[in-house]
Amino acid sequence: MQTISARRPAGIKLVRLALTCGIAFGALASVDALAQEPLAEGEGDSIVVTGTRPIAESEAAALEIQKNSDSLVTVAASDSVGRLPDQNIAQAASRLPGISVERDQGQARYINLRGAPKTWTTLSFDGINVVSPEGRDARFDSIPSAIAGKIIVSKAVTPDMPGETVAGNVNVVTRSAFDYSGFHVAGKGGLGFAELGDRKEYEGSLLVSNRFNTGIGEIGVLLSGSYYERNMVTDNFEVDREQVARDARPGNATRFWAHEVENKLYRLTRKNWSVSGRVDWKPDEQNLISLRSIYTIFSDDEARDNYRFDLDDRESDLSNSSAACTTNTVNTTSNYADICSGNTPEKGTVYGVDIRQRSTLRAFRQSVFTNTLAGDHEFADGWKLSWVGNYTESKDDRSVTGEATWDSPSTRSLRPTVSYDFTNPNISRLTLYRTVQQSNPTAYIAGPQVTAIDSFTKPLSGFTVLDAVDTTKAYTGRLVLARELDNATLKAGVQYDRRTKIADEQQITLNATQAATIMPTDYNQFSTDKKFLGNIQTGYDFRYFDIDKMRAASKAAQAAFAFAPNTGNNYDVREEIFAGFVMGTVRYDWGSVVGGVRVEHIKNQGSAVGTVNGVAGVVTAEASQTLAFPSLHINYNVDDTKKLRLSFNSGAARADYDQLRPNVVVNDSNEVISGGNPSIKPERAYGVDAYFEWYLRPQGYLMIGTFYKKIEDVLYTSSRTFGSAVLNSNGVDRSGYMFSGLVNGGSGRIYGLEAAAQLQLEPWTDSLGLPEFLGGFGVSANVTLNNSKVDIGGRSMSLPGTSDFVYNIGGYYEKYGLSLRLQYQNRGKWLDTVGTLGDAGDTYWASDDELDFSARYAITKNFEIYFDASNLLNNPGRRFADPASLLTAAGIPTKSITNQTMEWERFGRRFTGGFRFNF
């Protein structure tokens with residue numbers, strides 16, 4: 001058994017709690033929480049933590065940090081990071097009160113605080129804000145949880161935090177050699193599988209640290225590394241809908257037709273690995289200098305077989321008559337959007353459908369390399385000085401190794417006839433037939449059913465290689481001077497940030513003739529007969545493309561053809577922030593008051609190649625502004641176990657760097673166009689929080705609180721069909737691509753209620769007369785309820801990215817070396833994009849939930865085995881269109897309208913087991 005004790009100064013309770021590390025159970029990481037309260041009679045000189053109940057003890061340690069904070073925070077201690085299948089920081093933090101996540105391919109990626117948009121959450125390492133490879137949308141799936149000693153989530157902003165923190169900040173506190181008593185080594189190794197496709201997973205980590213007493217003070221050195229690999233397949237279908245202009249017959253206002261249906265069938269390999277090092281030098285008790293370096297990489301190797309059915313290819317055949325239907329004995333159209341043929345938006349048949357197939361091999365890489373030199377110094381008369389210098393380089397490599405396109409010929413009898421059935425929102429049911437031409441040359445019927453889609457003629461139509469890397473370089477310097485007085489702390493600081501993001505994109509684009517020189521023109525010679533790995537009902541059989549042949553074609557293309565810059569997609573954006581703050585903390589017998597103001601002057605400059613009146617040239621845009629962010633936090637101690645917190649705070653969410661560029665970006669792979677807006681204004685927020693916290697003795701926690709934020713100049717993404725041929729080139733028609741861009745809306749507000757409870761039976765088994773073994777049971781639960789409303793485009797709607805409810809509930813049993821935990825998370829639906837009636841309305845993501853289980857058994861104090869199971873419910877992710885509010889605004893009855901599936905995906909259950917050790 002490992003123990004640690006902390007001696008107290010006279011009259012002061014000093015609590016030093018041992019935290020077992022996520023990288024290894026039982027390893028001791030100390031956290032000092034100095035509570036300015038007298039010892040109750042009978043309390044001892046030290047608190048001893050044994051490490052035999054890591055879940056309960058890490059929760060207790062986290063609550064002690066939370067209780068002694070002068071602002072509203074919630075904490076995940078390092079052992080809690082390792083309790084569930086928490087491979088990344090997003091998943092690790094998602095169980096905390098008020099936190100929900102957005103997922104990609106089933107992995108937690110973005111963090112939402114109290115249901116607010118992900119853009120309101122910032123990320124920092126050891127208190128320094130870090131720019132994600134994607135930009136301001138902090139991606140947490142690229143950060144392994146193995147690097148974290150603890151995670152501190154601040155929900156109420158203080159003046160020493162950047163003004164871009166609106167909902168809160170997620171601070172990843174890294175480990176130090178001073179967290180351990182001496183030489184320490186710990187690690188883990190595990191393997192598992194994903195149920196869907198029977199794909200393998202691997203994970204491992206190692207940490208080594210030591211402390212050295214030298215003639216110039218004590219030096220601590222820590223090195224760590226981690227690796228995680230996840231192989232998987234994904235079931236997916238998507239349905240893009242539209243109002244058809246030529247559908248003019250009665251009832252057309254509420255008909256939204258599927259103009260394109262597709263399956264995206266993924267084979268993925270995702271990897272996270274990290275290396276980190278830290279050297280701490282403590283010349284004496286008053287000085288500490290630290291050098292920290294972290295390098296993380298997230299890679300996503302994706303093979304995507306994409307079969308797209310262009311149902312509206314012959315829309316021009318449709319009659320635009322507004323008269324009611326008469327009997328149609330001879331079909332002379334493709335049947336698309338033709339109610340006279342018996343078709344409806346949810347069920348029907350279309351003749352001679354164009355198959356537009358894409359075989360894509362991507363090699364995405366995201367990396368963060370952050371380096372910090374920091375110092376903390378104490379002087380006479382209560383003066384303190386802290387300083388930080390940081391350089392961070394983030395890279396977002398969006399390269400595509402190769403993408404081959406295959407298209408049906410124009411002869412309709414060589415194309416399939418497609419019967420569709422979308423009446424079940426969880427199934428895109430397609431049935432393929434041969435298309436038979438009648439004696440009337442414009443009339444067609446369905447012939448024999450076909451299940452092998454690759455038996456249809458689909459000649460090679462093009463090949464693309466993309467080399468695209470976005471690089472962000474950030475420099476930060478911060479200096480803070482503080483003065484400790486008898487009952488107060490005064491603090492003032494300055495900070496300078498300079499961030500430059502450069503997008504560099506070049507591409508090889510080959511037409512059909514050129515592509516034929518490097519690869520087969522018949523898809524059956526470019527594919528394999530490997531069995532389908534997924535479970536989705538596609539309605540047809542297909543062949544996976546051959547990954548080795550794709551790599552060979554890419555290599556041949558790069559040898560024979562030159563890359564050309566995508567000038568329209570390249571940009572250079574720079575941001576400088578000059579900040580200063582003053583704040584004070586005044587302590588009273590009843591609690592404390594923290595107040596102050598932060599002032600930031602922001603300068604933005606962007607340059608890119610844009611097109612103005614048909615002429616391409618360099619476009620430069622500049623903007624600057626000065627913003628002030630006042631805040632006030634009042635902490636009232638009802639007694640030594642209960643606290644009331646009241647805070648007033650403000651912040652501003654600025655547009656992302658690519659959204660400030662003065663040009664547009666075209667993505668042919670996803671058929672989207674995104675536009676920059678250098679004149680966009682920041683989204684301002686002013687909030688108030690009121691919370692009651694009860695820290696039960698001997699252990700437990702109850703909390704309830706309410707919050708309100710007023711929002712001005714709401715940022716939202718507007719989405720619509722591009723509808724212009726101005727960007728067409730190289731034979732590619734981009735007029736039907738989806739265009740999205742960031743714009744400012746009106747004002748709005750978000751308010752809500754948050755509650756949490758953490759309880760365990762151990763302290764009360766004796767008093768309740770219960771058997772000893774029942775003391776191992778514990779429970780944690782939290783819920784957040786939101787109500788938001790903003791004015792966007794003259795409509796009142798919920799704030800994009802917010803959910804009306806978020807809740808987590810979990811139970812655990814921990815005793816006799818056995819640790820079991822079951823955790824359920826649920827997040828309500830949220831608005832994804834603001835649309836138009838022409839594109840079937842606004843889009844939402846449906847409610848998302850996940851059930852996870854973990855088990856561990858300590859064989860000895862130095863060795864344990866573990867088992868993790870995640871996504872046990874295996875519920876799908878579903879994005880849908882809902883035109884109801886737009887129809888209501890237009891005065892159109894919506895009684896018969898239901899939301900319509902736009903995207904559906906399922907990822908399967910995952911299971912992992914292995915061992916952990918520490919010495």
Side-chain angles (χ1 to χ4, degrees), residues 89-90 93 98-104 108-124 129-142 153-155 157 161-170 394 396 470 472 497 499 501 573 575 577 600 602 604 627 629 649-661 674-678 680-687 707 709-719 740-750 786 788 790 792 797-803 806 827 830-834 843-845:
I89 293 297
I99 294 181
S100 59
V101 297
E102 293 184 26
R103 305 180 193 277
D104 179 76
R109 171 166 290 183
Y110 302 107
I111 288 179
N112 308 78
L113 296 181
R114 296 191 290 198
K118 62 188 178 185
T119 54
W120 288 10
T121 304
T122 56
L123 164 68
S124 62
N129 270 32
V130 174
V131 177
S132 169
E134 285 191 352
R136 294 197 211 278
D137 290 349
R139 272 189 60 168
F140 294 86
D141 60 347
S142 61
V153 180
S154 299
K155 298 179 182 178
V157 180
M161 299 172 63
E164 61 187 342
T165 304
V166 178
N169 171 263
V170 179
S394 300
D396 185 10
D470 299 345
T472 304
D497 292 275
R499 302 163 181 170
K501 183 169 185 176
V573 176
E575 176 182 72
I577 305 171
E600 294 184 349
I602 305 107
N604 292 302
L627 302 173
F629 305 100
N649 49 79
S650 57
R654 298 193 291 274
D656 210 341
Y657 305 109
D658 62 329
Q659 295 164 337
L660 294 170
R661 68 190 186 280
S674 54
N677 186 352
I680 197 78
K681 294 184 290 185
E683 186 175 49
R684 296 299 305 267
Y686 307 90
F707 55 90
K709 284 189 184 294
K710 178 184 177 182
I711 311 160
E712 297 178 352
D713 297 319
V714 175
L715 295 173
Y716 73 98
T717 300
S718 178
S719 180
S740 62
L742 199 70
V743 296
N744 285 113
S747 60
R749 49 87 178 143
I750 179 173
N786 278 325
S788 66
V790 294
I792 294 178
M797 61 179 62
S798 61
L799 184 67
T802 64
S803 297
V806 176
R827 178 188 181 187
W830 69 94
L831 176 64
D832 184 43
T833 59
V834 178
T843 62
Y844 295 81
W845 279 102

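Count residues from 1 along the sequence.
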Between Lys118 and Asn112 the two heavy atoms that sit nearest each other are N-ND2, 3.3 Å
- Message: If you define the side chain from C-beta out and look only at heavy atoms, does anything of Val157 sit under 4.5 Å from Phe629?
- Response: no
Problem set entry | Full working for side chain to side chain contact (heavy atoms under 4.5 Å, CB included) between Arg654 and Ile577 | CA-CA 12 Å; Arg654 298 193 291 274; Ile577 305 171; 3.0 Å; yes
Looking only at atom types and distance, does a side-chain atom of Asp656 sit under 3.5 Å from a main-chain N or O of Arg136, one as donor and one as acceptor?
yes
Sequence neighbours excluded, the answer for ring-ring contact (aromatic ring centres under 6.0 Å, His included) partners of Tyr110 is none
Minimum side-chain heavy-atom gap Tyr844-Asp832 below 4.5 Å:
no
Note: Ser747 and Val714 closest approach over all heavy atoms is C-CG2, 4.4 Å
Here the gap from Asn649 atom CG to Ser154 atom OG, rounded to the nearest 0.5 Å, amounts to 11.0 Å
dist Glu712:CD -> Tyr686:OH (nearest 0.5 Å) comes out at 5.0 Å
Legend entry - Charged tip of Arg114 within 45° of Phe707 ring normal and under 6.0 Å: yes
Sequence neighbours excluded, the answer for side-chain hydrogen bond (donor to acceptor under 3.5 Å, both in side chains) partners of Asp470 is Arg398
Rounded to the nearest 0.5 angstrom, the CD1-CG distance for Ile602 and Leu627 is 4.5 Å
Checklist entry - Using 4.0 Å as the upper bound for N to carboxylate O, is an ion pair formed by Arg499 and Glu164? => result yes
Taken to the nearest 0.5 Å, the spacing of Lys501 NZ from Asp396 CG works out to 6.5 Å
Smallest heavy-atom separation, Pro117 atom then Pro800 atom, equals CG-O, 3.2 Å
In short, Lys709 meets Ala167 closest at the heavy-atom pair CE-CA, 4.4 Å
When rounded to the nearest 0.5 Å, the distance separating CZ of Arg827 from CD of Glu102 is 5.0 Å
**Message:** Quick check: do Val790 and Met797 have side-chain heavy atoms less than 4.5 Å from each other?
**Reply:** yes
| request: Answer whether the closest heavy-atom distance between the side chains of Tyr657 and Val131 falls below 4.5 Å. | output: yes
Leu831 and Ser798 have their tightest heavy-atom pair at CD2-O, 3.5 Å
Walk me through whether Asn169 and Thr122 qualify under side-chain hydrogen bond (donor to acceptor under 3.5 Å, both in side chains). CA-CA 5 Å; Asn169 171 263; Thr122 56; 3.0 Å; yes
Under 3.5 Å, side chain of Ser788 to main-chain N/O of Leu799, donor-acceptor pair present? yes
Value for CD1 (Ile750) from CH2 (Trp120), rounded to nearest 0.5 Å, stands at 5.5 Å
Scanning both residues in full, the closest heavy-atom pair of Leu113 with Gly168 reads CD1-CA, 3.4 Å
